2 protein chains.
Amino acid sequence: MAEKRNSKDILIEAASRLFRIRGYYGVGLKDIIEESGIPKGSLYHYFPKGKEELAIEAISHTKEFVIDEIKRGFDEIEDPIKAIQSHIFHLSEVFGDSENLLGLPIGTIAAETYTTSEQIRMACQEAMEDWQSIYVKKLLEADFSEKRAKELSIVINALIEGGILLSLTAKNGEPLQTIAEQIPLLLINK
Amino acid sequence: MAEKRNSKDILIEAASRLFRIRGYYGVGLKDIIEESGIPKGSLYHYFPKGKEELAIEAISHTKEFVIDEIKRGFDEIEDPIKAIQSHIFHLSEVFGDSENLLGLPIGTIAAETYTTSEQIRMACQEAMEDWQSIYVKKLLEADFSEKRAKELSIVINALIEGGILLSLTAKNGEPLQTIAEQIPLLLINK
DNA sequence: GTCTATACGGTGATAGAC
DNA sequence: GTCTATCACCGTATAGAC
């Protein structure tokens, strides 16, 4: 996607990282300037409409980043149930390690900006749809019915978004771990 | 809980309503002043530490508000699976009606303030724990094992918090509806 | 194209009159 | 106890020099 590390890409990557951890309103332009090392004037040169425009591209970047993460895990494990379970286990483990490297669920950004920016909401929706498509594809490969795969992809997405919220609120990975353990029982019917 | 409608209670109720819809950073003191009709000076008289202190009491108020809602539904339906399913169906319906009267999941507030206020995070955690306790109790009454009831209460909470996030992001009640439909299949094992 | 200096509005917070 | 007037600060955004 990003062919060379020009100022614009550096800005998008920095913004993506920060929004992922502190949310939309939790990050100021000042923070993005500091994190990226790119001065404010340049930011407005590349993103004339300012924070909102940058956020939309940052969310799209986060979307791709997560797609890569999911796909990498899915390529290693053939069974969809085990693969999804492993993905959630992985999320739960990230908590134990380094504070909050995991970050917030994407739905949080949508929720924050729900009343102020329709475009940001749509960028978040696109991300969710793409992620769910990966789950659907994986389930179809294992002979789940089309209808069931679609339904389960929503359930899985909700469990992940909600599970992250729970683990964040409780400040430990246990809720996500419990959810991961339940996955085989939850997704037993094809 | 609130014995008379004094200024303090009016402030808490107004703040609870606003935070529930727009989140912590989405609501300014100005909004709370306007919504409640109580002047700023009085706000600082009752809540010397300002917005954070008021938010903690507002979250606690929201907690009780939701407890009442869940319990009311649960008293009507004996079967825990049906009761939980009905609760989520109800949430999905609120979306169709009046824009975003439903509001954000409580975990969103925790996520927003995760890096800035430990106390707000804890207030959110208490709310989640209380809600989960109600699910546990309901499941135990229907002969689910203690261990299983505890696990499922986490799964249910994640499905609700995540489901709200999904419906909010998609701007319609379908994700919550799909989740509600899956509940019987998901919680089949005791 | 890149960066600096500055403007402007809104935020949470406070002092002090009534 | 209640409210008004005002503060200092930080947020986004812009103008214009290099």
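Just so we're clear, the structure is a prediction, and the values are computed from it rather than from any experiment. Chain letters run A, B, ... following the sequence lines, proteins first and then strands; every chain starts at 1.
Within the 4.5 Å cutoff, no side-chain heavy atoms of B:S16 are placed close to those of B:F65. Counting heavy atoms from C-beta outward, B:E146 and B:K150 have side chains that stay 4.5 Å or more apart. Using a 4.5 Å heavy-atom threshold, the side chains of B:E161 and B:W131 count as touching. Contact check for A:L29 versus A:I32: side-chain heavy atoms found under the 4.5 Å cut-off.
Extent of DNA chain D lying under 4.0 Å from chain A heavy atoms, first and last nucleotide in 5' to 3' order, is D:dG11 to D:dT14.
The cluster map of Ile, Leu, Val, Met, Phe, Trp and Tyr, joined by side-chain heavy atoms under 4.5 Å apart, puts A:I84 and A:L140 in different clusters.
Evaluation of the side chain to side chain donor-acceptor pair (under 3.5 Å) rule for B:S36 yields no partner, not counting sequence neighbours.
With A:F47 as the aromatic partner, A:K8 meets the cation-pi criteria of under 6.0 angstrom to the ring centre and within 45 degrees of the ring axis.
The stretch residues 30-44 of chain B comes close to DNA chain C through B:K30, B:K40, B:Y44, each having a heavy atom under 4.0 Å from the strand.
Put simply, CD1 on A:I70 and CD1 on A:I160 are 6.5 Å apart, with the number rounded to the nearest 0.5 Å.
Backbone-only contact: B:Y46 has heavy atoms under 4.0 Å from sugar-phosphate atoms and none from a base.
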